[in-house]
Every structure is written in C-alpha cells, then in structure tokens.
Amino acid sequence: MREKRKVAVGRVIIGGDAKVSVQSMTNTATADFDSTLSQIRELERVGCDIIRLAVCNNDDLASCRKLVKEAKAPLVADIQFDWKLAAACSELGFKKVRFNPGNIGSNENVRKLTEVCKANGTPIRIGVNGGSLQKDIELKYGRTAEGLCESALCHAALLEKFGFYDIVLSVKSSNVKTCTQAYRLLNEKCDYPLHLGITESGAKLAGIVKSSIGIGSLLLDGIGNTIRVSLTGNPVQEAEVANKILGALGLKKNCEIISCPTCSRCKVNLSAIYDEVEAMLENVALPLKVAVMGCVVNGPGEAAEADFGVAGGEGKSVIFSRGKILKTVSNENIVAELKKLLDEHISENS
Ligand code: SF4
C-alpha cells in the first residue's frame, strides 16, 4: 500500500506515518464567538485534534478572526460556494479549508483560491458527498462508489492543474457499503491522505454503530489518515466515539475497560461498578487495561491480560492483576480498593 502524502494542518500532520487524527465540527452559530469558543474548548478537552467550523458570511468571519487566535486545536473552515470567503479564511489563519471546487464557480475562481492557499500554506480538503455529486458524474455512475471516487479525483485534478497538491480527500456517503467501497477505490488510485467518515449516519447508538463499522473496517485495513464520526447532537460525543474507535483498534494508547456481560453467577451490581471505574479513568491518558468482571470463578482468568481488575463475589470480591489475585475485599469497598491501586500505578507511571 502506497504511503500517503503528508499534509500539515497547523501542528497536526495528516498522512505519511502520522497517527490517525480525530476531527469534529462545531454546531453553534459561528458568529456567536462565546458559544463557539466554549464548544471548541469542550472538543479540545475530549481529544479532538482538528476542529471544523462552517463559515457562511462576514459575521462568521468576524468571529473567526478571534477564534483562530484563541483555539489550541487547528481550525478548518467549511465553505460552501464563495471562493472569496475561502480565501479570506486562508488569510485569517485557518489551517485548512474544506470545499468542493465544483461549487465555487469557474475554474478561474479555483485558480485564484489555490494561489491564496499556496501563499498561506493552507491545505484544501475536497469533501465529496454522495448526495451532492456533480451532475455529469451522477449521470454516468449514479450515486455509486465509482461516482464518489471519480468525483474526488476530478476535483483533485483541477487543483493539480494549478500546481496545488496540498490536498486531503473524502468521499462520504450515508450508505456504509458504498462509502467504504469508495474509500477503498480512492485509496488505490491516489496518494492523497484520506479523511474518513460516514455522513448523515444518524444519532446515538445507530449512528455510532454505522460510523464504527464504516470507519473501523477501513482503519483495520490501513486505510484512512484522519476521521470524523458524524452524529446528530453535541459534537463532543463525535470526538469521544472517534477516540474510542482508535483505542479499540490499538491506534491510540488509552485506558481501556474490559467487562463481562454478566450472567446468573454475578452477585454484584456490575454495571454500577463499571460506571464508577469509567468515571475514575476518564482523564487517565496512560495505556492501561482495567477489568470489571462479574464473578471470581471466571473473572481473573478470562481477564488475565488486564493490568488490574475486580471480580465480584457473594459478599466479597477480589482484586487481581494479570490473572493473579492480589487481595480479597468486601463488596462495599471494591471501587475504593481498586482506586487505591490505580492511583499508585498512575502516579508511578505518569
Ligand atoms: S465472568 Fe462470571 S459473571 Fe461474568 S459472564 Fe463470565 S461467568 Fe458470568
């Protein structure tokens, strides 16, 4: 598999041998500086590496003038039709702009924009969506994986015509199969880094499942350099889910909790214990595996790969490490005793 080009989005590198980065997009009114900055801060707090904002008019632009200075994460401007707005965002200090060359009028407009982006070192993401393919491509291919891929390559060719190669591509669709096929095709056909996402994937559990399957299956095959989980609602959840996907695939070192589904052998309230352990580990950035298991009979053995774990029992539970029982504790003290051990381990390894 060809290594992808490196594209620098401020301090975050997309492509090459860089780690897969997490993106999300604010959904406050961009012109509302306070609300948008507060959402940017929340996203930064949950590990969002790159943050995108829709920029639709001069009011948005005025707010962005301050936001690009305040934000710690690099900001990306999402532009629909106005190349001058995209150019202004590049001048303002946005670290990337996202638009479709087909949406911003003549090739001459595209040329002028590439000149501005080149001068400022602003990369461009060409974001093709299944629902908005250009007419000729849709007529020829329909809303298929081939159509998505062809559209992205046509747009990229237009930028290349003007000597612009600082490009990231995405080919999103709400159909997981079409979307993943499009990314696989595109991955074969170009060396531009790929921004993965299943668009309009829905909300809550349904959206999380769709995104995890789509993004996860591509990442497992080494495809994709940056990801955005699209979920209706607060974007903070998008970044949290994206980080969980990376953690589950071993692409991000993070704290992982493994827990059993419970069965009739379980004599403790395991989901309550899970919640407490999860809260305890929320801000721990160490690679650590913690097990929350329902019974002493199977727990320590089943979770022998865990650095630390608890296994519930009748009145008494055990705390174990790598399959070895360290101590027996009363059920009321399970979480407190585990916390003591984890705190010690964390302070030794931080
Ligand atoms: S670890 Fe114990 S309680 Fe949990 S599912 Fe297995 S047998 Fe049941």
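Counting starts at 1 for both ligands and their atoms, following the listed order. Throughout, numbering of the chain's residues begins at 1 and tracks the sequence. Below, all heavy atoms of this structure are taken into account, side chains as well, without hydrogens, waters or symmetry copies.
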Handout entry: All pairs passing salt bridge (Lys or Arg N to Asp or Glu O under 4.0 Å) where residues 85-108 contributes a residue, at least two apart
Key = Asp78-Arg98, Glu108-Arg111
Problem - Proximal protein residues to ligand 1, non-hydrogen atoms under 4.0 angstrom - result: Cys260, Thr262, Cys263, Arg265, Cys266, Gly294, Cys295, Asn298
Handout entry: Heavy-atom closest contact (Gly224 atom, Leu219 atom, distance)
Key = O-CD2, 4.0 Å
Practice task
Flag yes if Leu231 and Met25 sit in one hydrophobic cluster, no otherwise; membership is Ile, Leu, Val, Met, Phe, Trp, Tyr, and two members link when side-chain heavy atoms are under 4.5 Å apart.
Solution key: no
Practice task
Check whether any side-chain heavy atom of Gln237 sits under 4.5 Å from a side-chain heavy atom of Val241, and report yes or no.
Solution key: yes
Exercise for the section: Please list all pairs passing the salt bridge (Lys or Arg N to Asp or Glu O under 4.0 Å) test where one or both residues lie in residues 65-76, with sequence neighbours left out. Expected result: Arg41-Glu70
Practice task
Name all pairs fulfilling the salt bridge (Lys or Arg N to Asp or Glu O under 4.0 Å) condition that reach into residues 311-325, sequence neighbours left out, sorted by first residue then second.
Solution key: Asp307-Arg322
